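Structure, as structure tokens:
What you see is a predicted model, and the numbers here were worked out from it, not measured in a lab. All values below were derived from every heavy atom in this structure, side-chain atoms included, with hydrogens, water molecules and symmetry-related copies excluded. Along the sequence shown, residues carry numbers from 1.
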Amino acid sequence: MESPIVSIDVSNGNSHYMCFIKNNKRFGKVKKIDHDIEGFKRLLEDIQKLEAETNEKVCAVFEATGVYTKPLERFLSKNSIKTYIINPLESARKRKEEIHNKKTDKLDPISISKVYYDKEEMMELKRRMKHITGSGKRIDCMKIS
């Protein structure tokens, strides 16, 4: 499943975000907003542009960062935008897999998007396997020489 997302790196009072049409297909550049009316308005405009481009609803993906995410969560909920919250340890692990594994606010939305799309890919694979096997029962594979 390659649905459009807005990947958000949430900090205290501001966020960096990037829109993705699908995995590895960016829609615009990384942008920074403050957690205020003006900043959230800009975020909503970009989400609406992405929805118009893809004809699909956009999911907002961000790390669980405690109280820092509360204003963003309220805004997204008020605007009926689906959210997907990931564990910060998962994005840190993904960042370490990359060649340039430094943590920067501008690169973090990319790492967060990779965690989301990798999970979506795994879930789709599990759905397909369940369909192939019938009831999701385990199938043992044998090596044929």
- Pair listing, side chain to side chain donor-acceptor pair (under 3.5 Å) test, anchored in residues 37-48, at least two apart: Y17-D46, K31-D46

- Message: Would you say that M18 contacts I112 through its side chain, given a criterion of any heavy-atom pair below 4.5 Å between the two side chains?
- Response: no

- May I ask whether I47 and V30 are part of the same hydrophobic cluster, defined by side-chain heavy atoms of I, L, V, M, F, W, Y residues being less than 4.5 angstrom apart, directly or through others? no

- Query: Roughly how far, to the nearest 0.5 Å, is the CG atom of L44 from the CD1 atom of I81?
  - Reply: 5.5 Å

- Roughly how far, to the nearest 0.5 Å, is CG of L43 from SG of C19? 7.5 Å

- Query: Any chance OH of Y68 has more than 12 other-residue heavy atoms, nucleotides or ligands included, within less than 6.0 Å?
  - Reply: no

- Message: Looking at every non-hydrogen atom in both residues, tell me the closest pair between A64 and P88 and how far apart they are.
- Response: O-CG, 3.2 Å

- Point-to-point distance, once rounded to the nearest 0.5 Å, from NZ of K57 to OG of S80: 7.5 Å

- Item | F40 side chain near L72 side chain, heavy-atom distance below 4.5 Å | yes

- Check whether any side-chain heavy atom of H35 sits under 4.5 Å from a side-chain heavy atom of S15, and report yes or no. yes

- Item | Verify same cluster id: F75, I5 (apolar side-chain graph, 4.5 Å) | no

- Heavy-atom pair of closest approach, residues V6 and V58: N-CG1, 3.7 Å

- Close side-chain approach of D108 and H16, heavy atoms under 4.5 Å: no

- Is the side chain of S77 donor-acceptor paired with the backbone N or O of R74 at a distance under 3.5 Å, no angle test? no

- Query: How many angstroms lie between CD1 in I21 and OG in S3, if you round to the nearest 0.5 Å?
  - Reply: 12.5 Å

- Note on the structure: dist S113:OG -> I8:CD1 (nearest 0.5 Å) comes out at 12.0 Å

- Item | Sub-4.5 Å side-chain heavy-atom contact between I85 and F62 | yes

- Task: Determine, using the 4.5 Å side-chain heavy-atom cutoff (strictly less than), whether I86 and I110 are members of one ILVMFWY cluster.
- Result: yes

- Task: State, with a plain yes or no, whether a side-chain heavy atom of L50 is found less than 4.5 Å away from one of E56.
- Result: no

- Query: Just wondering, do T83 and E73 contact through their side chains at under 4.5 Å, heavy atoms?
  - Reply: no

- Are side-chain heavy atoms of Y117 and F20 found at a separation under 4.5 Å? yes

- Task: Group every Ile, Leu, Val, Met, Phe, Trp and Tyr by side-chain heavy-atom contacts under 4.5 Å, then state whether V10 and Y84 land in the same group.
- Result: no

